[in-house]
Number of protein chains: 2
Amino acid sequence: MNIGDASAQSGLPAKTIRYYEEIGLLKPGRAGNGYRDYSVKDLHGLRFLQRARSLGFSVDDCRQLLSLYHDKARESADVKAIAEAKLVEIDRKIAELVGLRGALHHLVAHCHGDERPDCPIIDELAGHGLVQ
Amino acid sequence: MNIGDASAQSGLPAKTIRYYEEIGLLKPGRAGNGYRDYSVKDLHGLRFLQRARSLGFSVDDCRQLLSLYHDKARESADVKAIAEAKLVEIDRKIAELVGLRGALHHLVAHCHGDERPDCPIIDELAGHGLVQ
DNA sequence: AGTACCGGTTCCAGTAACTGGAAGGTCAAG
DNA sequence: CTTGACCTTCCAGTTACTGGAACCGGTACT
């Protein structure tokens, strides 16, 4: 199967698939004409990558998960550990964004937002603000 | 004032300050020895940048905010518009992360996480999963 | 045979916002 | 006079791709 079909069936752009090969996530065979040739197994790998990436795993996480996927003697605890670490990371990001949101919302709420130059948002950024 | 002091008083690493200069956010004077020389006004600009970045504004947002900061005839509505757009963006990111968190939490909760190879997380990523 | 066109190939550059490190100049202190 | 802290510039690396150029393969139509 050519890269175009592999792309359509995995949901990954062809450019991305070539990139994953470049960084060593998979190595499809080559046809006589030099075209990449994807087996069903390769396709499973690509779909696996697409799902893992869309769940927020980094490419490096994916590298580990993929090797666990291929390792029939894996321990599910190893997989769970990666997923739990990612969960902690996501929670941290959410908390940070919620904090930002609060501060920004506070500023926006205090700015009249008209044609006058007086602006509490600028004041706060300048350090003369009402927040904190 | 040398870059080290400007760094200490703005909370920005010296490397970052040089970078901001390179991309045109500020242009401090130079002393006779070639060292950058930061005025009090420059320092205010740096503090402004530090606060704006920590509130989640992109460097490009900062460029606009900084020019509004220096524009005494600005309209507060312009500033508010930037802040509100950022707020929408933050809300979008939070929603996305919360969605990810839900899916990942669901997977983690179903994985026993022991020495056995059977793993619902891997199964789901492979497309044979219980989720969806 | 010629040509049009789609899809494949490689390689180079750019994105966001820094960060690390190398090689070298400056300055104050001992 | 040397040590060490601090400054300078420039180059490379980070994350995960994405766009584009230049070129080759394969098929269909005339």
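Lettering follows sequence order; numbering is per chain, from 1. All values below come from the heavy atoms of this structure, side chains included, with hydrogens, waters and symmetry mates left out.
Taking atom CG of residue A:N2 and atom C1' of nucleotide C:dT9, one finds them 12 Å apart after rounding to whole Å. In this structure, OH of A:Y19 is placed 18 Å from P of C:dT9, rounded to the nearest angstrom. For the pair B:I3 CD1 and C:dT19 P, the computed distance is 13 Å after rounding to whole Å. Taking atom NZ of A:K15 as the reference point, atom P of C:dA13 lies 13 Å away to the nearest angstrom. The NZ atom of B:K93 sits 13 Å away from the P atom of C:dA16 (whole-angstrom rounding). When the P atom of C:dG7 is taken as reference, atom CE of A:M1 falls 16 Å away, rounded to whole Å. Nucleotide C:dT19 holds its P atom 13 Å from the CD atom of B:E22, rounded to whole Å. Computed from coordinates, the B:E21 CD to C:dA17 C1' distance equals 16 Å when rounded to whole Å.
Judged by distance alone, the side chain of A:R47 and the main-chain N or O of A:Q9 form a donor-acceptor pair under 3.5 Å.
Put simply, A:R36 has a side-chain N or O that comes within less than 4.0 Å of OP1 or OP2 on C:dT9. The shortest distance between the side-chain N/O atoms of A:R30 and the OP1/OP2 oxygens of C:dT10 is below 4.0 Å.
B:Y69 meets the ring pair (Phe, Tyr, Trp, His ring centres under 6.0 Å) test with B:F48; sequence neighbours excluded.
In this structure, CD in A:E115 is found 13.5 Å from CZ in B:R74, a value given to the nearest 0.5 Å. Expressed to the nearest 0.5 Å, how far OG1 of B:T16 lies from CZ of B:R53 amounts to 9.5 Å. One distance of note links OG of A:S39 with CG of A:D42; it measures 3.5 Å at 0.5 Å rounding.
Position along DNA chain C of the nearest nucleotide to A:G4 versus B:V59 favours A:G4 as the more 5'-ward residue.
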Sequence-aligned protein contact record of nucleotides 23-28 of chain C, with B where the base is within under 4.0 Å of a protein heavy atom and S where only the sugar-phosphate is: --BBS-
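Along DNA chain D, the stretch of nucleotides lying under 4.0 Å from any heavy atom of chain B spans, 5' to 3', D:dC6 to D:dC10.
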Using distance only, find each side-chain donor-acceptor pair of residues 17-27 of chain B under 3.5 Å and give its atom names and separation, not counting sequence neighbours.
{"unit_1": "B:E21", "atom_1": "OE1", "unit_2": "B:R36", "atom_2": "NE", "d": "2.6"}
{"unit_1": "B:E21", "atom_1": "OE2", "unit_2": "B:R30", "atom_2": "NH2", "d": "3.4"}

Mind listing the side-chain donor-acceptor pairs of residues 91-99 of chain B below 3.5 Å, one per line with the distance, residues two or more places apart or on another chain?
{"unit_1": "B:D91", "atom_1": "OD1", "unit_2": "A:R101", "atom_2": "NH1", "d": "2.8"}
{"unit_1": "B:D91", "atom_1": "OD2", "unit_2": "A:R101", "atom_2": "NH1", "d": "2.8"}

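Pairs of residues two or more places apart, or lying in two chains, that qualify as side-chain hydrogen bond (donor to acceptor under 3.5 Å, both in side chains) and include a residue from residues 75-89 of chain B are A:H112-B:S76, A:D114-B:S76, B:D61-B:K86, B:K86-B:E89.
Here the closest heavy-atom approach between residue A:L55 and residue B:A103 is recorded as CD2-CB, 3.6 Å.
Note on A:R18: a base of the nucleic acid sits closer than 4.0 angstrom, heavy atoms only.
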